[in-house]
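Chain naming here is simple, since letters A, B, ... match the order of the sequence lines and numbering starts at 1 in each.
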2 protein chains.
Amino acid sequence: MLTPERHQIILDLLKDRGVVKLHELVEATSSSESTIRRDLSQLENEKKLKRVHGGASLLAQKGEELSITEKAAKNLKEKDKIAQYAASLIRDGDCIYLDAGTTAFQMIPHIKAKEIKVVTNGLTHLEELLERGIDTYITGGYIKQKTRALIGKGALEGVKQYRFDKCFIGVNAIHTEYGFTTPDPEEAMVKLNAMNLSQETFVLGDRTKLNEVTFAKIADLKEGTIITDETDEEILAPYIEKTTIKVVTT
Amino acid sequence: MLTPERHQIILDLLKDRGVVKLHELVEATSSSESTIRRDLSQLENEKKLKRVHGGASLLAQKGEELSITEKAAKNLKEKDKIAQYAASLIRDGDCIYLDAGTTAFQMIPHIKAKEIKVVTNGLTHLEELLERGIDTYITGGYIKQKTRALIGKGALEGVKQYRFDKCFIGVNAIHTEYGFTTPDPEEAMVKLNAMNLSQETFVLGDRTKLNEVTFAKIADLKEGTIITDETDEEILAPYIEKTTIKVVTT
DNA sequence: TGTTTTTGAAAGAAAATGATTGATTTTTGG
DNA sequence: CCAAAAATCAATCATTTTCTTTCAAAAACA
(Lines give C-alpha, C1' and ligand atoms only; values in the text may rest on other atoms or scores of the structure.)
Protein backbone atom coordinates (compact mmCIF):
# COMPACT_ATOMS: atom_id res chain seq x y z
CA MET A 1 0.00 0.00 0.00
CA LEU A 2 1.26 3.42 -0.94
CA THR A 3 2.10 5.97 1.68
CA PRO A 4 -0.45 8.58 0.53
CA GLU A 5 -3.14 5.93 0.59
CA ARG A 6 -2.38 5.02 4.15
CA HIS A 7 -2.29 8.64 5.17
CA GLN A 8 -5.68 9.19 3.65
CA ILE A 9 -7.12 6.22 5.45
CA ILE A 10 -5.70 7.44 8.72
CA LEU A 11 -7.08 10.93 8.27
CA ASP A 12 -10.47 9.69 7.14
CA LEU A 13 -10.81 7.37 10.06
CA LEU A 14 -9.70 10.11 12.38
CA LYS A 15 -12.14 12.61 11.01
CA ASP A 16 -14.86 10.07 11.49
CA ARG A 17 -14.16 9.23 15.08
CA GLY A 18 -12.14 12.01 16.59
CA VAL A 19 -9.60 9.60 17.99
CA VAL A 20 -8.17 6.35 16.70
CA LYS A 21 -6.08 3.70 18.32
CA LEU A 22 -2.86 2.67 16.75
CA HIS A 23 -3.97 -0.90 16.57
CA GLU A 24 -7.13 0.03 14.70
CA LEU A 25 -4.99 1.68 12.08
CA VAL A 26 -2.72 -1.31 11.86
CA GLU A 27 -5.74 -3.40 11.12
CA ALA A 28 -7.39 -0.95 8.75
CA THR A 29 -4.29 -0.66 6.60
CA SER A 30 -2.76 -4.09 7.14
CA SER A 31 0.61 -2.59 7.81
CA SER A 32 2.90 -3.00 10.74
CA GLU A 33 2.95 -0.95 13.89
CA SER A 34 6.21 0.60 12.84
CA THR A 35 4.79 1.88 9.61
CA ILE A 36 1.76 3.40 11.27
CA ARG A 37 3.93 5.01 13.88
CA ARG A 38 6.02 6.56 11.16
CA ASP A 39 2.89 7.77 9.42
CA LEU A 40 1.57 9.32 12.58
CA SER A 41 4.83 11.11 13.27
CA GLN A 42 4.87 12.50 9.79
CA LEU A 43 1.26 13.59 9.85
CA GLU A 44 1.81 15.22 13.18
CA ASN A 45 4.66 17.24 11.80
CA GLU A 46 2.47 18.31 8.98
CA LYS A 47 -0.01 19.40 11.64
CA LYS A 48 -2.71 17.15 10.29
CA LEU A 49 -3.28 15.39 13.58
CA LYS A 50 -2.00 15.11 17.09
CA ARG A 51 -0.35 12.01 18.38
CA VAL A 52 -1.46 10.76 21.74
CA HIS A 53 -0.28 7.78 23.71
CA GLY A 54 -1.93 4.81 22.06
CA GLY A 55 -3.00 6.49 18.84
CA ALA A 56 -3.91 9.89 17.48
CA SER A 57 -6.55 12.56 17.84
CA LEU A 58 -7.87 15.45 15.82
CA LEU A 59 -6.26 18.79 16.34
CA ALA A 60 -8.19 21.01 18.70
CA GLN A 61 -8.23 23.78 16.16
CA LYS A 62 -9.14 22.69 12.71
CA GLY A 63 -5.84 23.30 11.01
CA GLU A 64 -6.83 23.78 7.40
CA GLU A 65 -4.17 25.29 5.21
CA LEU A 66 -1.74 25.21 8.03
CA SER A 67 0.03 22.05 7.03
CA ILE A 68 3.72 22.17 6.53
CA THR A 69 5.40 20.35 3.71
CA GLU A 70 7.96 17.63 3.60
CA LYS A 71 10.90 19.87 4.20
CA ALA A 72 9.76 20.57 7.70
CA ALA A 73 9.88 16.87 8.36
CA LYS A 74 13.44 16.62 7.11
CA ASN A 75 15.75 17.90 9.79
CA LEU A 76 13.21 16.89 12.28
CA LYS A 77 15.35 15.08 14.74
CA GLU A 78 18.04 17.69 14.87
CA LYS A 79 15.54 20.47 15.24
CA ASP A 80 13.84 18.62 18.01
CA LYS A 81 17.11 18.24 19.87
CA ILE A 82 17.58 21.96 19.64
CA ALA A 83 14.06 22.55 20.83
CA GLN A 84 14.50 20.14 23.69
CA TYR A 85 17.67 21.78 24.87
CA ALA A 86 16.13 25.22 24.59
CA ALA A 87 13.13 24.11 26.62
CA SER A 88 15.41 22.79 29.33
CA LEU A 89 16.70 26.31 29.89
CA ILE A 90 13.34 27.45 31.17
CA ARG A 91 13.15 27.57 34.96
CA ASP A 92 10.19 27.53 37.27
CA GLY A 93 8.57 30.92 37.41
CA ASP A 94 10.25 32.28 34.31
CA CYS A 95 8.59 34.78 32.03
CA ILE A 96 9.27 33.70 28.50
CA TYR A 97 8.88 35.09 25.03
CA LEU A 98 8.30 32.35 22.53
CA ASP A 99 8.66 33.37 18.92
CA ALA A 100 6.30 32.22 16.21
CA GLY A 101 7.57 29.47 13.94
CA THR A 102 8.06 25.75 13.97
CA THR A 103 11.29 25.53 15.91
CA ALA A 104 9.94 27.46 18.85
CA PHE A 105 6.74 25.46 18.57
CA GLN A 106 8.64 22.27 19.06
CA MET A 107 9.91 23.50 22.38
CA ILE A 108 6.49 23.39 23.94
CA PRO A 109 6.15 19.66 24.51
CA HIS A 110 9.55 19.67 26.17
CA ILE A 111 8.79 22.40 28.66
CA LYS A 112 8.98 20.97 32.16
CA ALA A 113 9.09 24.12 34.24
CA LYS A 114 6.05 25.05 36.28
CA GLU A 115 4.39 28.37 37.01
CA ILE A 116 5.82 30.02 33.95
CA LYS A 117 4.25 32.74 31.88
CA VAL A 118 4.60 32.63 28.14
CA VAL A 119 4.08 35.48 25.71
CA THR A 120 3.97 34.61 22.06
CA ASN A 121 3.13 36.04 18.67
CA GLY A 122 2.49 32.60 17.22
CA LEU A 123 -1.17 31.68 17.03
CA THR A 124 -0.30 28.10 16.23
CA HIS A 125 1.32 27.75 19.62
CA LEU A 126 -1.76 28.50 21.64
CA GLU A 127 -3.47 25.15 21.73
CA GLU A 128 -0.33 23.39 22.74
CA LEU A 129 0.47 25.90 25.45
CA LEU A 130 -3.00 25.96 26.93
CA GLU A 131 -3.16 22.20 26.91
CA ARG A 132 -0.24 22.22 29.29
CA GLY A 133 -1.95 24.64 31.59
CA ILE A 134 0.62 27.32 30.86
CA ASP A 135 -0.42 30.90 31.48
CA THR A 136 -0.40 32.28 27.99
CA TYR A 137 -0.43 35.83 26.65
CA ILE A 138 -0.40 36.92 23.07
CA THR A 139 1.03 40.04 21.60
CA GLY A 140 -1.83 41.10 19.38
CA GLY A 141 -1.32 42.59 15.95
CA TYR A 142 -2.00 41.77 12.35
CA ILE A 143 -2.35 38.14 11.42
CA LYS A 144 0.03 37.08 8.73
CA GLN A 145 -2.02 34.51 6.91
CA LYS A 146 0.70 32.22 5.72
CA THR A 147 2.32 31.54 9.04
CA ARG A 148 -0.27 32.69 11.57
CA ALA A 149 2.31 34.94 13.11
CA LEU A 150 1.26 38.25 14.61
CA ILE A 151 3.13 41.20 13.18
CA GLY A 152 2.94 44.92 12.65
CA LYS A 153 2.56 47.79 15.04
CA GLY A 154 0.02 45.93 17.12
CA ALA A 155 2.49 43.13 17.74
CA LEU A 156 5.27 45.57 18.59
CA GLU A 157 3.14 47.39 21.10
CA GLY A 158 1.92 44.09 22.43
CA VAL A 159 5.42 42.86 23.11
CA LYS A 160 6.35 46.08 24.85
CA GLN A 161 3.85 45.41 27.58
CA TYR A 162 6.05 42.71 28.99
CA ARG A 163 9.54 41.99 30.27
CA PHE A 164 11.11 38.61 29.87
CA ASP A 165 13.62 36.49 31.66
CA LYS A 166 14.39 34.64 28.48
CA CYS A 167 13.29 34.85 24.90
CA PHE A 168 13.54 32.18 22.27
CA ILE A 169 13.78 33.41 18.72
CA GLY A 170 13.63 31.48 15.49
CA VAL A 171 15.56 32.89 12.56
CA ASN A 172 16.02 31.98 8.91
CA ALA A 173 19.66 32.84 8.57
CA ILE A 174 22.70 33.42 10.73
CA HIS A 175 25.83 35.02 9.38
CA THR A 176 29.04 36.19 11.04
CA GLU A 177 28.93 39.50 9.28
CA TYR A 178 25.22 40.15 8.73
CA GLY A 179 23.96 38.75 11.99
CA PHE A 180 20.49 37.26 12.37
CA THR A 181 18.15 37.77 9.44
CA THR A 182 14.67 36.70 8.39
CA PRO A 183 12.71 37.36 5.19
CA ASP A 184 9.96 39.55 6.61
CA PRO A 185 10.95 42.96 8.01
CA GLU A 186 7.78 43.13 10.03
CA GLU A 187 8.64 39.91 11.76
CA ALA A 188 12.19 41.04 12.26
CA MET A 189 10.96 44.07 14.16
CA VAL A 190 8.90 41.97 16.51
CA LYS A 191 11.78 39.63 17.18
CA LEU A 192 14.14 42.49 17.86
CA ASN A 193 11.74 44.06 20.29
CA ALA A 194 11.34 40.84 22.19
CA MET A 195 15.10 40.49 22.40
CA ASN A 196 15.50 43.98 23.75
CA LEU A 197 12.96 43.34 26.45
CA SER A 198 14.56 40.12 27.58
CA GLN A 199 17.35 39.45 30.05
CA GLU A 200 18.68 36.67 27.88
CA THR A 201 18.15 35.82 24.24
CA PHE A 202 18.42 32.40 22.67
CA VAL A 203 18.39 32.07 18.92
CA LEU A 204 17.35 28.72 17.56
CA GLY A 205 19.16 27.93 14.34
CA ASP A 206 19.82 24.49 13.00
CA ARG A 207 22.88 23.88 10.85
CA THR A 208 21.09 24.80 7.64
CA LYS A 209 20.78 28.38 8.88
CA LEU A 210 24.46 29.03 9.47
CA ASN A 211 26.37 31.14 6.96
CA GLU A 212 23.16 32.18 5.32
CA VAL A 213 21.61 35.58 4.81
CA THR A 214 18.08 36.73 4.10
CA PHE A 215 16.47 40.10 3.68
CA ALA A 216 15.64 41.68 6.98
CA LYS A 217 18.18 42.07 9.74
CA ILE A 218 17.05 41.30 13.25
CA ALA A 219 20.19 41.96 15.26
CA ASP A 220 23.92 41.38 15.51
CA LEU A 221 25.25 38.04 16.57
CA LYS A 222 26.35 39.30 19.97
CA GLU A 223 22.75 40.00 20.93
CA GLY A 224 21.86 36.37 21.40
CA THR A 225 23.14 32.94 22.32
CA ILE A 226 22.92 30.64 19.35
CA ILE A 227 21.63 27.13 19.85
CA THR A 228 22.54 24.90 16.94
CA ASP A 229 23.29 21.34 15.94
CA GLU A 230 26.26 22.24 13.76
CA THR A 231 29.33 20.41 15.01
CA ASP A 232 31.93 21.25 12.37
CA GLU A 233 34.63 23.17 14.21
CA GLU A 234 35.61 25.02 11.11
CA ILE A 235 32.15 26.41 10.56
CA LEU A 236 31.66 27.20 14.23
CA ALA A 237 34.96 28.95 14.83
CA PRO A 238 34.04 32.43 13.55
CA TYR A 239 30.80 32.37 15.53
CA ILE A 240 32.54 31.42 18.73
CA GLU A 241 34.64 34.55 18.35
CA LYS A 242 31.67 36.83 18.08
CA THR A 243 29.06 35.44 20.41
CA THR A 244 28.17 32.61 22.74
CA ILE A 245 27.01 29.46 21.08
CA LYS A 246 25.65 26.22 22.41
CA VAL A 247 26.08 23.13 20.29
CA VAL A 248 23.52 20.40 20.77
CA THR A 249 24.76 16.94 19.88
CA THR A 250 22.44 14.17 18.84
CA MET B 1 -9.39 3.72 26.05
CA LEU B 2 -7.38 6.69 24.89
CA THR B 3 -6.79 9.64 27.13
CA PRO B 4 -8.58 12.21 24.96
CA GLU B 5 -11.62 9.95 24.86
CA ARG B 6 -11.79 9.75 28.61
CA HIS B 7 -11.32 13.47 28.95
CA GLN B 8 -14.15 14.08 26.56
CA ILE B 9 -16.43 11.79 28.47
CA ILE B 10 -15.56 13.51 31.71
CA LEU B 11 -16.19 16.97 30.30
CA ASP B 12 -19.41 15.93 28.61
CA LEU B 13 -20.77 14.37 31.72
CA LEU B 14 -19.73 17.38 33.70
CA LYS B 15 -21.35 19.80 31.33
CA ASP B 16 -24.51 17.79 31.57
CA ARG B 17 -24.73 17.68 35.32
CA GLY B 18 -22.60 20.45 36.74
CA VAL B 19 -20.90 18.09 39.16
CA VAL B 20 -19.83 14.47 38.86
CA LYS B 21 -18.69 11.96 41.40
CA LEU B 22 -15.44 10.19 40.92
CA HIS B 23 -17.14 6.83 40.99
CA GLU B 24 -19.53 7.81 38.26
CA LEU B 25 -16.59 8.57 36.08
CA VAL B 26 -14.89 5.33 37.00
CA GLU B 27 -17.99 3.53 35.86
CA ALA B 28 -18.60 5.61 32.77
CA THR B 29 -15.08 5.06 31.49
CA SER B 30 -14.35 1.64 32.98
CA SER B 31 -11.02 2.78 34.27
CA SER B 32 -9.58 2.76 37.71
CA GLU B 33 -9.88 5.40 40.37
CA SER B 34 -6.25 6.26 39.96
CA THR B 35 -6.66 6.99 36.30
CA ILE B 36 -9.66 9.19 36.82
CA ARG B 37 -7.88 11.07 39.56
CA ARG B 38 -5.01 11.70 37.23
CA ASP B 39 -7.39 12.85 34.52
CA LEU B 40 -9.10 15.23 36.89
CA SER B 41 -5.80 16.70 38.01
CA GLN B 42 -4.79 17.25 34.46
CA LEU B 43 -8.07 18.79 33.41
CA GLU B 44 -8.00 21.03 36.43
CA ASN B 45 -4.56 22.14 35.45
CA GLU B 46 -5.91 23.01 32.04
CA LYS B 47 -8.63 24.97 33.76
CA LYS B 48 -11.34 22.86 32.20
CA LEU B 49 -12.93 21.94 35.52
CA LYS B 50 -12.51 22.24 39.24
CA ARG B 51 -11.75 19.31 41.47
CA VAL B 52 -13.83 18.94 44.56
CA HIS B 53 -13.82 16.34 47.27
CA GLY B 54 -15.42 13.28 45.75
CA GLY B 55 -15.30 14.36 42.14
CA ALA B 56 -15.29 17.48 40.02
CA SER B 57 -17.45 20.46 39.22
CA LEU B 58 -17.75 23.03 36.50
CA LEU B 59 -15.48 25.99 36.87
CA ALA B 60 -17.00 28.35 39.36
CA GLN B 61 -17.21 31.41 37.22
CA LYS B 62 -18.14 34.81 38.50
CA GLY B 63 -21.76 35.39 37.66
CA GLU B 64 -22.22 31.97 36.15
CA GLU B 65 -21.03 32.08 32.62
CA LEU B 66 -21.85 29.37 30.19
CA SER B 67 -19.00 27.94 28.20
CA ILE B 68 -18.88 28.61 24.54
CA THR B 69 -20.48 25.42 23.37
CA GLU B 70 -23.35 25.71 25.78
CA LYS B 71 -24.15 29.22 24.75
CA ALA B 72 -24.09 28.42 21.09
CA ALA B 73 -27.07 26.14 21.33
CA LYS B 74 -29.42 28.66 22.92
CA ASN B 75 -31.79 30.91 21.02
CA LEU B 76 -30.06 30.06 17.85
CA LYS B 77 -32.48 31.40 15.33
CA GLU B 78 -33.20 34.70 17.02
CA LYS B 79 -29.58 35.34 17.66
CA ASP B 80 -28.80 34.67 14.06
CA LYS B 81 -31.32 37.26 12.95
CA ILE B 82 -29.70 39.76 15.21
CA ALA B 83 -26.28 38.81 13.90
CA GLN B 84 -27.45 39.07 10.34
CA TYR B 85 -28.86 42.53 10.82
CA ALA B 86 -25.77 43.70 12.65
CA ALA B 87 -23.56 42.42 9.85
CA SER B 88 -25.62 44.33 7.32
CA LEU B 89 -24.59 47.56 9.03
CA ILE B 90 -21.00 47.10 8.00
CA ARG B 91 -20.04 49.15 4.94
CA ASP B 92 -17.21 48.69 2.51
CA GLY B 93 -13.99 50.00 3.95
CA ASP B 94 -15.19 50.10 7.54
CA CYS B 95 -12.91 49.49 10.47
CA ILE B 96 -14.77 47.28 12.88
CA TYR B 97 -14.34 46.05 16.41
CA LEU B 98 -15.88 42.65 16.85
CA ASP B 99 -16.31 41.54 20.42
CA ALA B 100 -15.56 38.04 21.62
CA GLY B 101 -18.56 35.82 22.21
CA THR B 102 -21.00 33.81 20.23
CA THR B 103 -23.36 36.53 19.10
CA ALA B 104 -20.62 38.55 17.49
CA PHE B 105 -19.21 35.35 16.08
CA GLN B 106 -22.44 34.66 14.26
CA MET B 107 -22.10 37.94 12.43
CA ILE B 108 -19.11 36.78 10.50
CA PRO B 109 -20.80 34.55 7.93
CA HIS B 110 -23.21 37.38 7.17
CA ILE B 111 -20.59 40.00 6.50
CA LYS B 112 -20.86 41.11 2.90
CA ALA B 113 -18.81 44.31 2.94
CA LYS B 114 -15.45 44.33 1.24
CA GLU B 115 -12.12 45.85 2.16
CA ILE B 116 -12.95 46.00 5.80
CA LYS B 117 -10.59 45.69 8.71
CA VAL B 118 -11.67 43.79 11.76
CA VAL B 119 -10.13 43.97 15.21
CA THR B 120 -11.25 41.36 17.71
CA ASN B 121 -10.42 39.94 21.11
CA GLY B 122 -12.07 36.64 20.31
CA LEU B 123 -9.70 33.88 19.33
CA THR B 124 -12.55 31.71 18.19
CA HIS B 125 -13.37 34.23 15.48
CA LEU B 126 -10.08 34.07 13.73
CA GLU B 127 -10.50 31.03 11.54
CA GLU B 128 -13.83 32.25 10.34
CA LEU B 129 -12.57 35.75 9.60
CA LEU B 130 -9.44 34.63 7.82
CA GLU B 131 -11.39 32.14 5.78
CA ARG B 132 -13.31 35.06 4.32
CA GLY B 133 -10.14 36.90 3.48
CA ILE B 134 -10.88 39.65 5.96
CA ASP B 135 -7.92 41.67 7.21
CA THR B 136 -7.85 40.65 10.82
CA TYR B 137 -6.14 42.14 13.83
CA ILE B 138 -6.23 40.88 17.36
CA THR B 139 -5.91 42.83 20.55
CA GLY B 140 -3.45 40.65 22.39
CA GLY B 141 -3.67 39.98 26.10
CA TYR B 142 -4.27 37.11 28.46
CA ILE B 143 -6.21 34.16 27.16
CA LYS B 144 -9.25 33.38 29.23
CA GLN B 145 -9.37 29.66 28.84
CA LYS B 146 -13.05 29.03 29.09
CA THR B 147 -14.19 31.46 26.44
CA ARG B 148 -11.00 32.06 24.49
CA ALA B 149 -11.45 35.77 24.92
CA LEU B 150 -8.45 38.03 25.32
CA ILE B 151 -8.60 40.12 28.44
CA GLY B 152 -6.46 42.05 30.87
CA LYS B 153 -4.09 44.94 30.42
CA GLY B 154 -2.70 43.48 27.24
CA ALA B 155 -6.13 43.46 25.65
CA LEU B 156 -6.85 47.00 26.80
CA GLU B 157 -3.64 48.32 25.35
CA GLY B 158 -4.24 46.30 22.24
CA VAL B 159 -7.61 47.90 21.65
CA LYS B 160 -6.22 51.37 22.17
CA GLN B 161 -4.06 51.04 19.11
CA TYR B 162 -7.05 51.36 16.87
CA ARG B 163 -10.02 53.59 16.07
CA PHE B 164 -13.25 52.12 14.80
CA ASP B 165 -16.10 53.19 12.62
CA LYS B 166 -18.37 50.74 14.35
CA CYS B 167 -18.07 48.29 17.17
CA PHE B 168 -20.26 45.33 17.91
CA ILE B 169 -20.46 44.32 21.54
CA GLY B 170 -22.02 41.28 23.09
CA VAL B 171 -23.35 41.63 26.62
CA ASN B 172 -24.93 39.33 29.15
CA ALA B 173 -27.48 41.71 30.55
CA ILE B 174 -29.20 44.96 29.66
CA HIS B 175 -31.10 46.99 32.19
CA THR B 176 -32.72 50.42 32.06
CA GLU B 177 -31.14 51.47 35.29
CA TYR B 178 -27.90 49.50 35.46
CA GLY B 179 -27.00 49.69 31.78
CA PHE B 180 -24.96 47.02 30.03
CA THR B 181 -23.36 44.42 32.27
CA THR B 182 -21.36 41.23 31.90
CA PRO B 183 -20.05 38.78 34.51
CA ASP B 184 -16.33 39.40 34.11
CA PRO B 185 -14.97 42.86 35.00
CA GLU B 186 -11.90 42.26 32.91
CA GLU B 187 -14.04 41.68 29.87
CA ALA B 188 -16.18 44.65 30.71
CA MET B 189 -13.13 46.88 30.60
CA VAL B 190 -12.18 45.70 27.16
CA LYS B 191 -15.69 46.22 25.85
CA LEU B 192 -15.87 49.71 27.28
CA ASN B 193 -12.57 50.66 25.73
CA ALA B 194 -13.67 49.47 22.34
CA MET B 195 -16.87 51.47 22.65
CA ASN B 196 -14.98 54.61 23.54
CA LEU B 197 -12.76 54.25 20.52
CA SER B 198 -15.62 53.76 18.12
CA GLN B 199 -17.78 56.24 16.24
CA GLU B 200 -20.82 54.08 16.72
CA THR B 201 -21.59 51.28 19.12
CA PHE B 202 -24.00 48.43 18.58
CA VAL B 203 -24.89 46.18 21.46
CA LEU B 204 -26.17 42.76 20.57
CA GLY B 205 -28.69 41.55 23.09
CA ASP B 206 -31.41 39.02 22.40
CA ARG B 207 -34.62 39.16 24.37
CA THR B 208 -33.27 37.01 27.19
CA LYS B 209 -30.80 39.74 28.06
CA LEU B 210 -33.30 42.52 28.60
CA ASN B 211 -34.16 43.55 32.13
CA GLU B 212 -31.30 41.47 33.46
CA VAL B 213 -28.26 42.45 35.46
CA THR B 214 -24.91 40.80 36.04
CA PHE B 215 -21.84 41.77 37.96
CA ALA B 216 -19.64 44.12 35.98
CA LYS B 217 -20.95 47.29 34.41
CA ILE B 218 -19.76 48.09 30.92
CA ALA B 219 -21.54 51.36 30.21
CA ASP B 220 -24.83 53.23 30.35
CA LEU B 221 -27.56 52.47 27.87
CA LYS B 222 -27.08 55.73 25.99
CA GLU B 223 -23.59 54.67 24.95
CA GLY B 224 -24.82 52.16 22.42
CA THR B 225 -27.57 51.22 20.01
CA ILE B 226 -29.26 48.05 21.13
CA ILE B 227 -30.06 45.40 18.57
CA THR B 228 -32.58 42.93 19.90
CA ASP B 229 -35.38 40.57 18.91
CA GLU B 230 -37.69 41.62 21.70
CA THR B 231 -40.96 42.86 20.21
CA ASP B 232 -43.11 43.44 23.29
CA GLU B 233 -43.85 47.16 23.31
CA GLU B 234 -44.22 47.18 27.03
CA ILE B 235 -40.77 45.81 27.61
CA LEU B 236 -39.22 48.00 24.96
CA ALA B 237 -40.79 51.29 26.04
CA PRO B 238 -38.36 52.25 28.82
CA TYR B 239 -35.39 51.47 26.60
CA ILE B 240 -36.70 53.59 23.76
CA GLU B 241 -36.74 56.53 26.15
CA LYS B 242 -33.13 56.13 27.12
CA THR B 243 -31.33 55.06 23.97
CA THR B 244 -31.72 54.06 20.37
CA ILE B 245 -32.88 50.57 19.79
CA LYS B 246 -33.32 48.47 16.69
CA VAL B 247 -35.79 45.63 16.81
CA VAL B 248 -35.15 42.73 14.48
CA THR B 249 -38.23 40.76 13.54
CA THR B 250 -38.06 37.12 12.60
C1' DT C 1 23.69 -4.29 -11.00
C1' DG C 2 24.15 -0.92 -7.11
C1' DT C 3 21.62 2.61 -4.59
C1' DT C 4 17.99 4.52 -2.16
C1' DT C 5 13.63 4.12 0.13
C1' DT C 6 10.33 1.71 2.60
C1' DT C 7 9.16 -1.74 5.65
C1' DG C 8 8.85 -4.91 9.71
C1' DA C 9 11.02 -6.92 13.75
C1' DA C 10 13.33 -6.53 18.14
C1' DA C 11 15.31 -4.49 22.36
C1' DG C 12 15.45 -1.18 25.68
C1' DA C 13 13.13 3.28 27.28
C1' DA C 14 9.15 5.70 28.53
C1' DA C 15 4.46 6.28 29.69
C1' DA C 16 0.01 4.90 31.38
C1' DT C 17 -2.37 2.10 34.40
C1' DG C 18 -4.25 -0.14 38.59
C1' DA C 19 -3.44 -1.63 43.22
C1' DT C 20 -1.77 -0.46 47.72
C1' DT C 21 -0.25 2.40 51.41
C1' DG C 22 -1.08 5.64 54.93
C1' DA C 23 -2.71 10.46 55.41
C1' DT C 24 -6.56 13.64 55.17
C1' DT C 25 -11.23 14.95 54.92
C1' DT C 26 -16.06 14.22 55.55
C1' DT C 27 -19.79 12.01 57.70
C1' DT C 28 -21.96 9.65 61.40
C1' DG C 29 -23.68 8.88 65.94
C1' DG C 30 -23.49 9.77 70.39
C1' DC D 1 -19.55 19.40 70.51
C1' DC D 2 -16.44 15.42 70.09
C1' DA D 3 -14.62 11.14 68.56
C1' DA D 4 -15.07 7.01 65.76
C1' DA D 5 -16.13 5.35 61.24
C1' DA D 6 -16.30 5.91 56.46
C1' DA D 7 -14.91 7.92 52.38
C1' DT D 8 -11.65 10.20 49.65
C1' DC D 9 -7.14 11.64 48.85
C1' DA D 10 -1.95 11.91 47.31
C1' DA D 11 2.01 9.20 46.77
C1' DT D 12 4.32 5.24 45.49
C1' DC D 13 5.31 0.89 43.12
C1' DA D 14 4.90 -3.11 40.02
C1' DT D 15 2.81 -4.32 35.83
C1' DT D 16 1.35 -3.68 31.40
C1' DT D 17 1.17 -1.15 27.29
C1' DT D 18 3.04 1.79 24.09
C1' DC D 19 7.12 4.34 22.17
C1' DT D 20 11.62 5.20 20.23
C1' DT D 21 15.61 3.58 18.23
C1' DT D 22 18.12 0.58 15.62
C1' DC D 23 18.98 -2.77 12.23
C1' DA D 24 18.40 -5.84 8.50
C1' DA D 25 15.37 -7.52 4.86
C1' DA D 26 12.35 -6.31 1.12
C1' DA D 27 10.87 -3.24 -2.40
C1' DA D 28 11.38 0.51 -5.61
C1' DC D 29 14.43 2.95 -8.47
C1' DA D 30 18.05 4.05 -11.67
Interatomic spacing from CD1 in A/I218 to OG1 in A/T181 - rounded to 0.5 Å: 6.5 Å

Short side-chain N/O contact to C/dT27 OP1/OP2 from B/H53, under 4.0 Å: no

Spacing of A/D80 atom CG relative to D/dC19 atom C1', expressed in whole Å: 14 Å

Atom pair CD/NE2 of A/Q84 and A/H110 - distance to nearest 0.5 Å: 4.5 Å

Hey, what are the protein-to-nucleotides 24-30 of chain D N/O distances that come in under 3.5 Å?
none

Sugar-phosphate only, base, or nothing, as touched by A/V52 at under 4.0 Å among non-hydrogen atoms: sugar-phosphate

Distance, rounded to the nearest Å, where A/L25 contributes CG and D/dT18 contributes P: 13 Å

Stepwise salt bridge (charged side-chain N to carboxylate O under 4.0 Å, His left out) check, A/D229 with A/K81: CA-CA 8 Å; A/D229 61 325; A/K81 277 285 174 206; over 6 Å; no

A/K47 to A/F105, cation-pi by 6.0 Å centre distance and 45° axis angle: yes

A/K144, NZ atom: more than 12 neighbouring heavy atoms under 6.0 Å: yes

Distance test, side-chain N/O of B/R37 to OP1/OP2 of D/dT12, below 4.0 Å: no

Any side-chain donor near an acceptor of the partner, B/S32 and B/T35, under 3.5 Å: yes

Atom CD of A/E5: over 12 foreign heavy atoms under 6.0 Å: yes

Donor-acceptor pair, side chain of B/T214 and main chain of B/A173, under 3.5 angstrom: no

Sugar-phosphate, base or nothing in reach of B/H23, heavy atoms under 4.0 Å: sugar-phosphate

B/E27, CD atom: more than 12 neighbouring heavy atoms under 6.0 Å: no

Helix axis bend for the helix from C/dT1-D/dA30 to C/dG30-D/dC1 - C1'-based end axes, five pairs, 10° rounding: 40°

Separation of atom NZ in A/K21 from atom P in D/dT16, rounded to whole Å: 20 Å

Atom pairs, N/O to N/O, protein against nucleotides 4-8 of chain C, distance under 3.5 Å?
from  : atom 1 : to    : atom 2 : distance (Å)
C/dT7 : OP1    : A/R6  : NH1    : 2.9
C/dT7 : OP2    : A/R6  : NH2    : 3.2
C/dG8 : OP2    : A/S32 : N      : 3.1
C/dG8 : OP2    : A/S32 : OG     : 2.9
C/dG8 : OP2    : A/T35 : OG1    : 2.4
C/dG8 : O5'    : A/S32 : OG     : 3.4
C/dG8 : N7     : A/R38 : NH2    : 2.6
C/dG8 : O6     : A/R38 : NH1    : 3.3

Atom-pair distance (CD1 on B/I36; P on C/dA16), nearest Å: 15 Å

Criterion side chain to side chain contact (heavy atoms under 4.5 Å, CB included) against A/I227, the qualifying member of A/L89, A/V247, A/T103: A/L89

Whole-Å gap separating C1' (D/dT17) and CD (A/E24): 16 Å

Name of the residue among B/I9, B/L49, B/I10, B/L25 meeting side chain to side chain contact (heavy atoms under 4.5 Å, CB included) with B/D39: B/I10

